[in-house]
Structure formats: structure tokens, C-alpha cells
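Written below as C-alpha cells is the structure these notes are about.
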Amino acid sequence: MSKKLIALVVCAVMLLSLATACGSNNNANTNQPNSSNSEPNNSQNETPTDPNAGNEDYKIFYTYLSTDVDTLNGMGTVQEANSTPLSWCNSYLWRAVPNDDGMGYHYIPDLAADMPKQIDELTWEFTIRDGAKWHNGDPITADTFMFTFKAVLDPKMSNPMAIFLADDSITIKNAYDYMLQGTEGHPATMDWEEVGIKQIDDMTIQITTATPVNEKDVCTHFTLRSNLPVHPDTFTAGLTDGGARTLYGTDLDHWMGCGPYFFDSWTRDSVQVYKKNPDHWLADYFNYDEVQVRIVPEMNARVQLFESGQLDSLSPDTSTIETYIDDPRMVSYPSIMVYDFDVNVKNPSNPVSGSINFGRAMYHAMNREVIARDIFGHMEPTGTYINGMAGALSQSGLTYRESKYGKEVWDMIEGWSAEGEVCGYNPELAYEYLLKAFEERNLPADTVITVKVLNTGGSSEGSRCCELFMEEWPEIFHGQVQVEPYTVADGLSLDIMETEPENWDIVLMDWGRSLSRTLPYQVYYYHTKDYTGRPTFTYTDRFEAQFAACEAVKSGDYETILQETQKLEIIALEDVISIPVVQAVNYEMFSDRLELPMKQYVPGFGWGSMFGDIVE
């Protein structure tokens with residue numbers, strides 16, 4: 001998508017999160033007890049009054065989010081937090097559940113009546129289960145999903161998550177062109193009938209894909225929050241700005257659920273409460289009577305809640321990991337997350353902005369060992385953006401990093417590194433590239449520039465990285481690079497990246513692509529020019545061409561995928577598409593009263609805490 005649409009999309013998302021509900025209650029819910037509007041509350045971590053106190057058989061699961069949800073509209077925001085309420089309070093076509101042995105997971109029908117049915121090489125069919133309904137009793141039919149899919153891909157709405165319906169685990173025929181019609185590189189107009197989504201009858205829909213896929217691909221695709229059904233009447237009633245925006249999901253009066261739990265109450269910035277829906281068709285899979293999700297931005301507060309028994313899990317951060325690293329309750333598991341610095345190549349106040357040599361200079365100036373150890377704590381330094389889990393769910397189970405192709409790139413990076421380093425840190429090489437950037441731009445060799453580091457007030461890691469650069473970079477670059485922080489409020493970094501290019505050069509980001517567990521090259525999806533979730537300036541023609549070459553490989557030909565991924569990784573490093581610094585490792589503790597269904601962490605599924613049980 002042309003980046004000219006990003007600012008509009010970001011503004012739309014911000015307006016969605018700030019919109020105030022008005023009018024009549026569109027969420028009249030005869031099946032949902034004690035349904036209430038979401039109300040603002042400045043009291044952090046308020047414990048709801050529990051009418052079941054003293055009832056030993058009543059099971060409450062306590063968990064948390066670091067920030068509250070901006071909208072319950074899964075297609076309308078890139079914020080990951082809304083996955084939590086949507087996974088509990090909405091239903092998917094198919095839902096992943098634990099295997100009986102606790103060693104893996106499988107899909108079962110949820111809103112679908114059966115598993116997806118393959119009609120031919122590119123066509124799949126699903127039927128909605130008889131009796132599927134919203135929490136207010138309205139029926140869910142094929143019409144519901146046709147309405148949803150059209151809304152997600154509506155070109156007028158420019159939904160930030162629309163791409164994940166068009167192209168993720170499966171690529172739906174013509175969906176991408178339909179959503180981007182009228183923009184550069186796509187048809188001027190396109191009829192809905194050309195999209196590979198067809199309604200067969202009142203309960204059946206057919207999906208036509210662009211390439212062959214398997215049953216698991218289809219199921220996985222429709223567990224994305226962007227592809228969950230929306231309640232048509234409530235969604236329509238909330239349309240504003242000529243249909244370009246909707247209030248759907250801004251509060252409980254403008255949203256409807258259909259999941260195994262009712263969204264019972266929502267106290268903004270404090271707590272969300274879900275209560276079990278005993279009439280849900282999958283109710284027997286869920287053991288908790290109630291789920292309380294506390295909004296706890298501060299780690300110290302989370303620790304206090306966990307230690308006092310008011311949270312059932314805790315993921316320590318860099319400030320607390322040392323306290324718990326040897327705790328027997330601690331488990332660790334690999335992550336698809338690689339922290340990297342996005343690079344601004346359009347800063348008019350920086351005379352070498354956009355120079356690949358300048359990007360390489362910053363790449364080699366990253367003291368990754370120190371960043372991973374002292375700033376992130378018990379994480380792993382890395383000079384490459386392809387995570388250690390990429391390819392783990394391929395048919396062979398061989399990760400890209402374990403393959404000869406991944407190892408060759410790692411060896412290349414080690415060769416770039418200073419003596420004693422392996423992840424690309426090389427101060428001498430960094431300075432050489434800075435001088436090349438000056439020469440490239442016809443600047444005097446003694447030019448002094450300022451690098452502006454964008455970070456949010458809530459990102460301690462970003463702030464501490466900036467402090468490290470302020471200390472080290474003037475020395476590395478012989479006094480010719482000064483570092484200046486630009487700190488903005490939480491949630492504004494994406495907007496600033498697009499609207500204030502003169503105020504930043506690099507920004508720490510923490511995106512992960514779940515599809516990379518199957519297709520390693522997909523980690524770079526977030527850095528392609530067509531990804532609309534964040535502004536991307538660093539793509540190059542050869543990078544885009546090689547990403548397309550990776551996508552053209554048949555999913556079953558993993559050897560060729562590995563080969564083409566290596567080419568893409570080398571291009572991304574040479575062109576400095578981003579500056580990777582840290583491979584994340586997940587650490588988590590669970591309370592003694594929580595009985596998990598899984599005996600091991602399973603990539604793409606986790607520990608299955610949603611299906612756990614409370615054993616006092």
C-alpha cells in the first residue's frame with residue numbers, strides 16, 4: 001500500500017480508541033448477566049467485588065495486560081492487547097485446543113460445524129454450526145461472515161488488520177487487490193464478486209486461495225483476531241464518517257461477543273471481567289468460572305500482585321529477572337520476537353539520512369552483548385532479524401538458523417564483527433562506514449551530525465539504549481555523531497514516525513510474525529512496503545523483489561524456501577532494512593494453584609493457560 005494512507009489509518013485508529021459512546025444500548029443481552037458499559041477509572045488494579053467469595057467451587061483465573069485495549073474491533077487496530085478479550089469472549093471458526101497428552105495441540109470446530117472441506121486444489125468450504133449464536137441470542141450464519149469479510153476488506157475503511165484476512169496462512173484470491181483498489185499498483189476498481197469468498201447457502205461459504213494450502217493453514221488463518229466475526233447490526237449502527245469508520249468495539253455497548261465467556265464488565269485502565277458462558281458449545285473445554293484481567297503497567301505492581309496470589313502468572317522484565325531467574329516456578333521458552341531499530345531514511349535534518357552506508361555505520365555501532373545483558377537481561381544478542389524459532393513448524397521441523405543457509409549468514413556476520421564479538425559489533429568498521437556516508441553525500445570528513453532516538457515514556461529498554469548510545473557513539477564515531485533522545489507518550493510512536501520525520505532517526509521496535517514458525521522469510525513482512533501496520537521507509541527494490549521470490553515458492557518445498565530466505569536475509573543486512581539487536585527469550589512463572597494442560601511449551605500454542613484449572 002502507498003504510505004500516503006498510513007497517516008489516515010493511524011488517525012482513524014486513534015479516533016476509534018478515543019470515541020465516546022452515545023445513543024441507545026445496542027448490546028441488549030438477555031444471556032449475559034450484569035453487562036455494563038466500560039467506565040474510566042483511575043484506580044489501578046482495583047479488585048472487583050466478588051459475590052462468590054467463600055465459594056470454594058467457584059474458580060477465578062487472574063491474569064494481566066500491561067496496557068488496556070483500545071478497541072474490541074479485531075480488524076481496527078494493530079494493538080496486540082485486544083487478542084486477550086477476543087480470544088475469551090469471541091469464537092473462531094476453528095479453535096486450537098491441547099492434545100490429551102499435553103505435548104501438542106490440534107484444531108476443533110468452533111463456529112464451524114466441521115473441519116474445513118477441500119473441494120479442489122484451491123477451494124475450501126466451511127459450514128456454520130447449527131445453533132451458533134451471539135451472546136444476545138442472534139443467530140450466526142454465513143451472512144454474518146460475508147458481512148464481516150466485506151467489512152474487513154472494505155477499501156473505504158482502510159482497516160489496519162485487513163491484510164491478515166487477505167494474506168497470512170492462506171492467500172485469498174484477489175482479496176489483496178480488492179482492499180487496495182484505487183491505489184498505486186492495484187486495480188482502479190474491483191467488484192466483490194472477483195474476491196475468492198463466495199456464499200453457497202445460508203450456512204456455507206467457499207474460500208478460493210491463490211496457491212495450494214492444507215487444512216491446518218485454513219484453520220490457523222481464521223484464528224487471527226482480524227478474521228473474527230463482527231455483529232452486523234451493532235457494527236452498522238456504529239458507522240461514522242460516511243462509513244469510513246465505526247464505533248464498533250469502543251465499549252461494551254458498541255460490541256457483541258459470541259465466545260465461551262461473557263465480557264461482564266470493563267473498568268478502563270483497571271480490570272476486565274469475563275464470566276463463563278455455560279451454554280457455549282465448547283463450554284466443557286473451559287474450567288474457570290471467571291477471568292479477571294488486570295491492567296498493570298508497572299512491573300513492581302505485577303510482582304506484588306503475583307506474590308500476594310492475585311495473579312496466576314508473571315513474566316519478569318529486565319528489572320526483576322535476576323530476582324526470579326533461579327526460582328523453581330520459572331519456565332523459559334523460545335520467542336519469535338527480535339528487537340530491532342527501525343531506520344528513518346527521510347529525515348530532512350540529517351544530511352546522511354537515507355544513506356545505506358550510514359545505516360551500516362549504526363548497525364556496526366550496536367553493542368549487542370551489552371544491550372542484551374544489561375538492558376534486556378538474560379536475552380540473546382543477535383545481528384540478524386530472522387528469529388531462532390523461524391521454521392520450527394515446517395514439515396521438517398528444521399529451523400532456518402539451524403540450517404546450513406542460516407549458519408552461513410551467521411558466519412558472515414561473525415566475520416564482520418570485531419575481535420571477540422560475533423553479532424556484528426565493530427566500532428572501527430562503524431566509523432569507516434560513517435566516513436563513506438559523508439563522502440557519498442559530498443560532506444566534509446569532519447562533519448558532525450545528530451542522531452535522534454525516538455522512544456516512548458513507557459519503554460525503559462528504548463530509553464536505556466538511547467543512554468548507551470549517548471555514552472558510546474561519540475567515542476565510536478570520534479565525536480562526529482551526537483545522540484539526542486526524543487521521548488513521546490505511549491502509543492504515539494507510529495504516528496510520530498509518519499508525521500514527524502525530522503524528529504527521529506531510529507526507534508526500537510518489538511514485532512514478531514507467528515507465520516515465521518512455518519515460513520522463515522515472513523519475519524520481513526513487517527518491513528515490506530505494503531505492510532500498513534507501521535510506516536516503513538527502508539525497503540529497496542531488490543529487497544521487495546526477493547521477498548516476492550520467497551512467496552512464489554511452493555509451501556511444501558522447504559529446501560528452496562530456505563535457499564531463497566538466505567538471499568533475502570543477506571539483502572536485508574546489506575541494505576540495512578532494519579538493525580536487529582536482541583533475540584527475545586520468554587520467561588514466565590505460574591502460581592502453584594494453576595494446573596496447566598501442557599507438559600511443555602508448544603510453539604504457536606504456548607502453555608494453554610486458557611484451558612488450565614484452579615487446584616487450591
Please name the residue in the list Tyr400, Phe547, Tyr385 that meets the ring-ring contact (aromatic ring centres under 6.0 Å, His included) test with Tyr524. Tyr385
For the ring-ring contact (aromatic ring centres under 6.0 Å, His included) test, which of Phe286, Tyr105, Trp88, Phe61 pairs with Phe611? Phe286
Quickly, which of Glu551, Glu564, Lys567 forms a side chain to side chain donor-acceptor pair (under 3.5 Å) with Gln546? Name it, please. Glu564
Of Lys117, Gln199, Glu125, Lys198, the residue whose pairing with Gln206 passes side chain to side chain donor-acceptor pair (under 3.5 Å):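 The single option meeting the side chain to side chain donor-acceptor pair (under 3.5 Å) with Gln206 is Glu125.
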How about [X] and [Y]: does a side-chain donor come under 3.5 Å of a side-chain acceptor?
X	Y	value
Asp70	Thr77	yes
Asp138	Asn136	yes
Thr127	Thr204	yes
Thr560	Gln563	no
Glu559	Tyr405	yes
Ser91	His280	yes

Cation-pi, Tyr64 ring and Arg294 (6.0 angstrom, 45 degrees): no
Looking at Trp266, does the NZ or CZ of Arg268 lie under 6.0 angstrom from its six-membered ring centre and within 45 degrees of the ring axis?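 Geometry flag: set, cation within 6.0 Å and 45°.
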For [X] and [Y], indicate whether the former's side chain and the latter's backbone hold a donor-acceptor pair under 3.5 Å.
X	Y	answer
Trp281	Asp110	yes
Asp217	Asn214	yes
Asn387	Ala390	yes
Thr209	Pro212	no
Asn99	Gly102	no
Ser516	Arg513	yes
Asn159	Val152	yes

Any ion pair linking [Y] and [X] (charged N to carboxylate O, less than 4.0 Å)?
X	Y	value
Arg593	Asp312	yes
Asp613	Lys59	yes
Lys276	Asp264	no

Quick one: are Ser313 and Thr63 in side-chain contact, heavy atoms under 4.5 Å? yes
So, taking the atom named [atom1] in [X] and the one named [atom2] in [Y], what distance separates them when rounded to the nearest 0.5 Å?
X	Y	atom1	atom2	answer
Leu165	Tyr176	CG	OH	13.5 Å
Ile163	Thr528	CD1	OG1	8.0 Å
Ile128	Leu93	CD1	CG	5.5 Å
Met598	Ser609	CE	OG	11.0 Å
Arg95	Met610	CZ	CE	5.5 Å
Ile119	Ile207	CD1	CD1	11.5 Å

What verdict does the side-chain contact (heavy atoms from CB on, under 4.5 Å) test give for Val218 and Thr220, after you've listed the backbone C-alpha separation in whole Å, the side-chain angles of each residue and the deciding distance to 0.1 Å? CA-CA 6 Å; Val218 177; Thr220 301; over 6 Å; no
I want to know whether [X] and [Y] have ring centres closer than 6.0 Å.
X	Y	result
Phe262	His135	yes
Tyr274	Phe263	yes
Phe126	Trp94	yes

Yes or no on ring pair (Phe, Tyr, Trp, His ring centres under 6.0 Å) for Tyr531 and Tyr526, after CA distance, side-chain angles and deciding distance? CA-CA 6 Å; Tyr531 178 61; Tyr526 295 121; 5.0 Å; yes
Over all atoms of both residues, closest heavy-atom pair of Gln79 and Arg225: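 Heavy atoms only, the tightest pair is O-NH2, 3.4 Å.
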